[in-house]
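Down below is the structure, laid out as structure tokens.
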Amino acid sequence: MTEHEETAQGSSEAPTARPEPNTEAASGQSSADAELARARETHTLAQQLEALLIVADEPLSVVALATATDRPLREVKAALAGLIAEYDGALAAPGSAASDASAFAAAASPRGFELREVAGGYRFYVRESLDPVVADFVQQQTPAKLSQAALETLAVVAYRQPISRGAIASIRAVNVDSVVRTLLARGLITEVGQDPETTATLYGTSEALLRHLGIDDISELPPIAPLLDDPAEGFEHESL
């Protein structure tokens with residue numbers, strides 16, 4: 001085969017198909033970039049930082065915030081300092097980047113929240129002076145009703161205290177770790193000491209439980225025997 005024939009044959013072969021560019025994905029990315037650019041242009045640095053901090057479930061470092069807002073570290077640090085001052089009711093420094101476009105942040109009462117620097121980052125927290133208000137709200141929102149397992153465990157602790165977790169589990173014939181943690185978290189039982197032989201933690205009822213029951217002393221609990229089919233079952237040493 002001559003060189004001319006090889007060339008002709010090669011030119012007659014179909015060209016290798018090239019992949020079509022994904023114009024839809026590129027268009028979507030371009031649109032997202034445009035929206036991000038508009039959001040950064042139309043909102044101050046302080047507003048952007050607030051938006052990021054309010055959705056954070058852990059402290060955000062200055063570097064992370066600077067990366068997210070595409071701003072220099074110096075500006076981000078100044079903006080954070082301005083936000084802290086604003087939330088605390090203090091005046092922002094003249095010309096501070098914290099207000100981004102404002103010369104001053106008017107002095108006002110401290111907000112109900114504060115921006116703290118913790119664990120190498122920044123995060124919103126409830127102002128400490130308002131902890132009692134929040135605690136009362138949380139307590140009201142917490143379901144007051146205990147599960148059957150929790151009630152049974154609480155009864156064992158009340159009538160056999162001081163008692164270890166292992167002894168409770170032995171009486172109830174089930175694992176009681178999570179139930180004991182629940183009762184501790186609710187403040188219904190408390191640690192009262194250690195077993196001298198096994199060093200296991202001993203539990204007893206709390207003052208809060210007595211208040212809930214409307215009694216002054218655990219000895220005022222009704223006798224357990226009439227409530228059981230077998231009065232001795234699990235409470236051989238019950239002395240109340």
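We count residues from 1, following the sequence as given.
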Is the side chain of [X] donor-acceptor paired with the backbone N or O of [Y] at a distance under 3.5 Å, no angle test?
X	Y	value
Ser170	Gly166	no
Glu75	Pro72	no
Gln161	Ala158	yes

Does [X] belong to the same Ile/Leu/Val/Met/Phe/Trp/Tyr cluster as [Y], with side-chain heavy atoms less than 4.5 Å apart forming each link?
X	Y	value
Ile218	Tyr203	yes
Val62	Val55	yes
Ile54	Val76	yes
Leu36	Leu45	no

Looking only at heavy atoms, which two atoms of [X] and [Y] are closest? And how far apart?
X	Y	result
Gly187	Ala208	O-CB, 3.5 Å
Pro110	Asp88	CG-O, 3.5 Å
Thr69	Arg40	O-NE, 3.8 Å
Arg160	Ile163	O-CB, 3.6 Å
Leu202	Ser164	CD2-N, 3.6 Å
Leu73	Ala66	CD2-CB, 3.6 Å

Out of curiosity, [X] [atom1] to [Y] [atom2], how far, rounded to the nearest 0.5 Å?
X	Y	atom1	atom2	answer
Arg71	Lys77	CZ	NZ	15.5 Å
Leu209	Glu207	CG	CD	9.5 Å
Leu49	His43	CG	NE2	13.0 Å

**Report entry** Intermediate values then yes/no, side-chain contact (heavy atoms from CB on, under 4.5 Å), Thr205 and Leu188
**Finding:** CA-CA 6 Å; Thr205 50; Leu188 299 176; over 6 Å; no
Would you say that [X] contacts [Y] through its side chain, given a criterion of any heavy-atom pair below 4.5 Å between the two side chains?
X	Y	value
Thr190	Val192	yes
Leu213	Leu221	yes
Asp136	Val133	no
Leu65	Leu52	yes
Leu210	Asp217	no
Arg116	Phe124	no
Leu115	Tyr122	yes
Arg165	Thr201	no

Query raised in the report: When you check the gap from the basic side-chain N to the acidic O, do Arg111 and Glu86 get nearer than 4.0 Å?
Result: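 Yes.
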Query - salt_bridge(Glu152, Arg172) N-O dist < 4.0 Å - result: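 Yes.
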Query raised in the report: side-chain contact (heavy atoms from CB on, under 4.5 Å) between Ile189 and Val180: does it pass, once the steps are laid out?
Result: CA-CA 8 Å; Ile189 65 173; Val180 169; 4.1 Å; yes
Query raised in the report: Is there a side-chain contact (heavy atoms from CB on, under 4.5 Å) between Leu183 and Arg186 once you walk through the steps?
Result: CA-CA 5 Å; Leu183 295 175; Arg186 294 284 188 91; 5.7 Å; no
Requested in this report: Taking the six-membered ring for Trp and the single ring otherwise, decide whether the centroids of Phe113 and Tyr125 are under 6.0 Å apart.
Outcome: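 No: the rings miss the under 6.0 Å criterion.
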Query - side-chain contact (heavy atoms from CB on, under 4.5 Å) assessment of Leu80 paired with Leu53 - result: CA-CA 11 Å; Leu80 289 169; Leu53 290 164; 4.2 Å; yes
